[in-house]
Amino acid sequence: MIHHLKTFPAFFEATARYEKLFEIRNNRDRGFQKGDTVILCEYDQINDRMTGREIMAKITYVLNFAQQTDWVVFGISIIDNLPN
């Protein structure tokens, strides 16, 4: 499965630099699973628009231990920084 996810610029940059290789997301309607692909799409919340920058990654691990109801933490491995 492929998930397209909005990501704020600061988090996008940290991921692009391989510093933040995890996501904390609501899983109620997504069903994130190990092996799924995520496309992290940079979202400029100030101007309410997508920037066009994207990162493709694979989910390597999913954990819901001690998380709020319906939330998970998942590890990612970057496949590609996609051109905008």
Side-chain angles (χ1 to χ4, degrees):
M1 175 161 299
I2 298 174
H3 307 275
H4 288 82
L5 306 173
K6 289 182 182 176
T7 303
F8 293 151
F11 301 136
F12 184 92
E13 285 297 328
T15 302
R17 290 189 307 267
Y18 292 80
E19 296 171 354
K20 182 182 142 327
L21 298 177
F22 65 92
E23 290 289 318
I24 302 171
R25 297 288 179 145
N26 188 304
N27 198 34
R28 183 178 310 128
D29 63 346
R30 294 280 190 166
F32 296 112
Q33 298 289 318
K34 179 180 177 178
D36 286 357
T37 298
V38 292
I39 308 293
L40 300 174
C41 307
E42 186 180 37
Y43 174 71
D44 176 359
Q45 71 271 29
I46 295 170
N47 296 305
D48 190 27
R49 67 175 185 85
M50 305 304 286
T51 68
R53 296 191 332 157
E54 298 180 337
I55 295 171
M56 180 185 292
K58 281 279 189 203
I59 295 178
T60 58
Y61 194 84
V62 180
L63 176 70
N64 65 359
F65 178 77
Q67 297 302 305
Q68 294 180 19
T69 302
D70 294 327
W71 287 76
V72 295
V73 177
F74 58 82
I76 59 171
S77 176
I78 295 175
I79 298 169
D80 197 8
N81 287 330
L82 304 172
N84 53 358

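It should be emphasised that the depicted structure is a prediction, and the values quoted were computed from it without experimental measurement.
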Decide whether I55 and Y18 are clustered together by the hydrophobic rule: side chain heavy atoms of Ile, Leu, Val, Met, Phe, Trp, Tyr closer than 4.5 Å, transitively. yes
Main-chain N/O of M56 paired to D80 side chain as donor or acceptor, under 3.5 Å: no
Say you draw a straight line from CE of M50 to CG of D44; how long is it, rounded to the nearest 0.5 Å? 10.0 Å
Quick one: does F22's side chain get under 4.5 Å of L63's, heavy atoms only? no
Shared hydrophobic cluster for Y43 and I39 (ILVMFWY, side-chain gaps under 4.5 Å): no
Hydrophobic cluster identity match, F12 and I46, side-chain contacts under 4.5 Å: no
What residues, two or more places apart in sequence or in another chain, satisfy side-chain hydrogen bond (donor to acceptor under 3.5 Å, both in side chains) together with N26? none
Write down the atom of A57, the atom of I76, and the distance for their closest heavy-atom approach. CB-CB, 3.9 Å
Does one hydrophobic cluster hold both I78 and V62, with members joined at side-chain heavy-atom distances below 4.5 Å? yes
Looking at F8, does the NZ or CZ of K6 lie under 6.0 angstrom from its six-membered ring centre and within 45 degrees of the ring axis? no
Any side-chain heavy atom of F74 sitting closer than 4.5 Å to one from V38? yes
Going by the rule salt bridge (charged side-chain N to carboxylate O under 4.0 Å, His left out), which residues pair with K34 if we only count those two or more places apart in sequence or in a different chain? none
Transitive ILVMFWY side-chain link I2 to Y61, under 4.5 Å: no
Can you name the side-chain hydrogen bond (donor to acceptor under 3.5 Å, both in side chains) partners of E13, sequence neighbours left out? R53
side-chain contact (heavy atoms from CB on, under 4.5 Å), that's the test. Do R49 and T51 meet it? Break it down for me. CA-CA 6 Å; R49 67 175 185 85; T51 68; 4.3 Å; yes
Beyond-backbone contact of M1 with H3, side-chain heavy atoms, under 4.5 angstrom: yes
Tell me every residue that passes side-chain hydrogen bond (donor to acceptor under 3.5 Å, both in side chains) with K58, counting only those two or more places apart in sequence or in another chain. T37
Heavy-atom pair of closest approach, residues D36 and G31: OD2-O, 3.8 Å
Working to the nearest 0.5 Å, report the span between OG1 of T60 and CG of L21. 8.5 Å
Under the side-chain hydrogen bond (donor to acceptor under 3.5 Å, both in side chains) rule, what pairs show up with a residue in residues 62-78, not counting sequence neighbours? R28-D70
N/O donor-acceptor pair under 3.5 Å between T7 side chain and L40 backbone: no
In chain order, what residues pass the side-chain hydrogen bond (donor to acceptor under 3.5 Å, both in side chains) check against E19, with sequence neighbours excluded? R17
